Amino acid sequence: MKKSSKEQRFDQLIELIYGSVEDIDQLGPAMQLMCSEIGAVAGHYIHMDVPTREVFNSVISDPAYTAGDAEYRDYYSRIDDRLQWVATGMTGEWRADHQRFDERFVRRSEIYNDFLFKYGVRHQIVSRIGGEAWESEGVSFLRPLGAAEYGDDVREFLARVTRHLIRSSALRRSLRALNRQKESDDTLLQHLPYGTVLVDTHGRVVLFNKVASDILTIADGVYIKSQRLSASDAGADRMLSAAIAQATSPVSRRGEWFTVPRQRHSQPLIVSVIPTLMGQTVDISKGEEALALIILQDIARQRLPRGAILQKIYKLTPAETRLAEALLDNQTIESYSVLAGISRNTVRTHLANLFAKTGTRRQAELLRILIISGSQVADYWAGF
């Protein structure tokens with residue numbers, strides 16, 4: 001049976017809501033569809049730190065209200081005398097402002113008189129759709145001045161959509177965590193401050209980072225021969241082969257470390273051989289194969305730069321590290337967004353992650369922590 005146009009619009013709405021998991025801007029057209037159903041002129045999504053009122057992400061449904069969105073994010077969010085009511089409600093509960101704030105409050109409120117009324121809007125209905133204890137993701141809808149208050153028909157429609165909004169919020173949080181982990185995993189070897197080489201059970205090189213490339217190119221102590229990692233010293237080469245075999249054994253894998261003498265330097269290379277699948281059994285019949293991670297430490301050259309220090313201490317992703325360094329270089333969110341070629345919403349997401357990982361709430365506090373961390377552990381590399 002062919003779906004009615006109303007059912008088709010609802011299906012399109014749900015598709016956009018779940019599309020916002022990967023692209024938050026899709027909430028814009030999703031809220032616009034909802035506006036047409038409930039008689040609102042604008043929908044507003046906001047993700048913020050409630051205690052500090054720092055806005056991480058903000059999406060408005062109608063481009064005509066973009067200036068208002070920017071004003072709220074940059075100023076009015078900090079003086080909004082309704083914020084505790086707006087941002088701390090039960091997840092999934094829709095609440096209308098006329099149920100909480102009487103006309104006396106409205107007449108005295110800066111948020112109504114200097115902001116909402118300026119854009120010709122009045123009645124608002126809001127719901128918290130997700131967030132952790134200290135943050136909030138919420139959606140609100142605004143009706144124009146003179147319009148009727150939100151009724152039961154609006155609440156019935158919103159009730160149909162709410163569970164999808166809540167689930168999309170949860171999926172966004174999960175995706176952010178997965179993306180951070182994937183970004184970290186994909187670039188870990190390239191950002192480590194020492195040489196790293198992945199080899200298979202036969203010692204054949206699978207992957208290596210830039211620092212390892214420099215060490216292997218010099219070929220003083222260790223090098224690649226016939227695709228295999230080898231040591232110049234015969235005794236060290238035997239230890240390397242034995243350590244790789246032990247680290248990639250089908251069972252009872254364990255790591256090992258030793259030094260490799262060099263001809264051009266008095267200080268030897270420190271070589272650590274680490275299993276990549278500690279405690280896991282490898283099923284050879286299924287084509288599984290364990291790898292070994294070889295860490296090459298050149299004490300003569302190794303020293304962590306500022307970004308690597310912060311990345312190690314706070315477990316930052318490369319994107320978060322770049323933002324931390326930009327803030328330390330006195331860049332603003334806006335200037336960094338332009339220079340990095342990314343949206344301000346993306347920058348604010350990275351900033352939220354920096355706050356969470358450093359245990360800070362405000363940008364000034366974050367900068368102080370980063371400065372102290374970078375200066376006090378300049379020799380942190382010695383602990384690796």
Side-chain angles (χ1 to χ4, degrees), residues 5-6 9-10 12-14 16-17 20 24-48 55 57-73 75-77 79-129 136-166 168-169:
S5 59
K6 187 173 183 178
R9 287 197 305 272
F10 189 81
Q12 182 186 2
L13 169 60
I14 301 307
L16 287 168
I17 288 174
S20 73
I24 192 65
D25 289 333
Q26 289 200 43
L27 273 182
M31 291 187 296
Q32 193 63 36
L33 284 175
M34 295 175 71
C35 285
S36 66
E37 293 289 338
I38 65 176
V41 294
H44 187 206
Y45 161 86
I46 192 166
H47 178 203
M48 69 186 304
V55 177
N57 261 321
S58 183
V59 178
I60 198 77
S61 65
D62 188 340
Y65 294 93
T66 300
D69 176 35
E71 280 189 64
Y72 187 83
R73 184 174 58 243
Y75 172 70
Y76 285 101
S77 64
I79 58 94
D80 191 346
D81 43 9
R82 313 159 307 149
L83 190 60
Q84 286 301 313
W85 173 79
V86 169
T88 58
M90 293 285 292
T91 301
E93 175 190 13
W94 288 94
R95 297 175 297 160
D97 60 354
H98 70 83
Q99 296 175 310
R100 176 65 177 82
F101 306 110
D102 58 20
E103 287 303 317
R104 182 183 176 188
F105 176 92
V106 171
R107 286 194 300 271
R108 292 185 290 107
S109 173
E110 183 178 353
I111 195 73
Y112 281 99
N113 289 280
D114 294 348
F115 179 61
L116 294 177
F117 291 171
K118 181 175 71 172
Y119 288 97
V121 295
R122 166 62 174 89
H123 291 300
Q124 184 175 18
I125 191 167
V126 302
S127 179
R128 187 172 185 267
I129 61 171
S136 176
E137 276 190 276
V139 174
S140 65
F141 293 94
L142 294 146
R143 276 183 170 174
L145 284 166
E149 298 170 348
Y150 290 100
D152 291 340
D153 56 334
V154 169
R155 294 179 182 276
E156 289 175 5
F157 172 79
L158 292 175
R160 292 183 64 197
V161 182
T162 303
R163 65 185 179 91
H164 301 292
L165 290 169
I166 293 173
S168 70
S169 172

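Since the structure is predicted, the reported quantities are computational estimates derived from the model, not experimental observations.
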Candidate pair Glu37 and Leu13, rule side-chain contact (heavy atoms from CB on, under 4.5 Å), full reasoning: CA-CA 11 Å; Glu37 293 289 338; Leu13 169 60; over 6 Å; no
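- Residues Leu116 and Arg122 fail the side-chain proximity criterion, which asks for heavy atoms closer than 4.5 Å.
- The shortest non-hydrogen separation linking Ile17 to His164 is CG2-O, 3.6 Å.
- Heavy atoms from other residues, nucleotides or ligands lying under 6.0 Å from CZ of Arg163 number 12 at most.
- To the nearest 0.5 Å, atom CZ of residue Phe115 and atom CG of residue Asp80 are 8.5 Å apart.
- Of all heavy-atom pairs between Asp114 and Tyr76, the closest is O-OH, 3.4 Å.
- Looking at Met48 and Leu83, their side chains come closer than 4.5 Å, going by heavy atoms from C-beta outward.
- For Arg108, the CZ atom is densely surrounded, since the number of other residues' heavy atoms within 6.0 Å is greater than 12.
- Heavy atoms of other residues, nucleotides or ligands lying less than 6.0 angstrom from CG of Asp152 number 12 at most.
- A donor-acceptor pair under 3.5 Å links the side-chain atoms of Asn113 to the main chain of Ser109, judged by distance alone.
- Ser61 places a side-chain N or O within 3.5 Å of a backbone atom of Gly43 that can act as its donor or acceptor partner.
- With hydrogens and angles ignored, the 3.5 Å screen pairs a side-chain donor or acceptor of Arg143 with a backbone N or O of Ala148.
- Remark: Ser127 OG to Arg95 CZ distance equals 8.0 Å, nearest 0.5 Å.
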Full working for salt bridge (charged side-chain N to carboxylate O under 4.0 Å, His left out) between Glu149 and Arg155: CA-CA 11 Å; Glu149 298 170 348; Arg155 294 179 182 276; over 6 Å; no
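- Side-chain atoms of Asp97 come within 3.5 Å of backbone N or O of Gln124 as a donor-acceptor pair.
- Going from atom CD of Glu137 over to atom CG of Leu27 covers 8.5 Å, rounded to the nearest 0.5 Å.
- In this structure, the ring of Trp85 has its center less than 6.0 angstrom from the ring center of Phe101.
- Relative orientation of the His44 and Tyr72 rings is perpendicular, given thresholds of 30° and 60° on the angle between their planes.
- Arg128 places no side-chain N or O within donor-acceptor distance of the main-chain N or O of Ser136, the cut-off being under 3.5 Å.
- With hydrogens and angles ignored, the 3.5 Å screen pairs a side-chain donor or acceptor of Thr162 with a backbone N or O of Leu158.
- A pairwise comparison of heavy atoms in Phe157 and Phe10 identifies CE1-CD1, 4.2 Å as the closest pair.
- Annotation for Tyr65 and Ala42: closest pair CD1-CB, 3.9 Å, computed over non-hydrogen atoms.
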From CA spacing to verdict: side-chain contact (heavy atoms from CB on, under 4.5 Å), Val106, Phe117: CA-CA 10 Å; Val106 171; Phe117 291 171; 3.6 Å; yes
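- Between Gly92 and Ile166 the shortest heavy-atom distance is CA-CD1, 3.7 Å.
- Here the side chains of Tyr45 and Ile24 are in contact, with some heavy-atom distance below 4.5 Å.
- Of all heavy-atom pairs spanning Ala40 and Phe141, the tightest one is CB-CB, 4.0 Å.
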Derivation of the side-chain contact (heavy atoms from CB on, under 4.5 Å) call for Val55 and Ile46: CA-CA 7 Å; Val55 177; Ile46 192 166; 3.9 Å; yes
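- Remark: Arg9 CZ to Ile14 CD1 distance equals 13.0 Å, nearest 0.5 Å.
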Verdict with reasoning, Arg73 to Asp69, per salt bridge (charged side-chain N to carboxylate O under 4.0 Å, His left out): CA-CA 6 Å; Arg73 184 174 58 243; Asp69 176 35; 3.3 Å; yes
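- Within the cation-pi definition used here (under 6.0 Å to the ring centroid, within 45° of the axis), Arg82 qualifies as a partner of Tyr112.
- One finds the CD1 atom of Ile111 at 4.5 Å from the CD1 atom of Ile79 (value rounded to the nearest 0.5 Å).
- Here the straight-line distance linking atom OG of Ser140 with atom CE of Met31 works out to 8.0 Å at 0.5 Å rounding.
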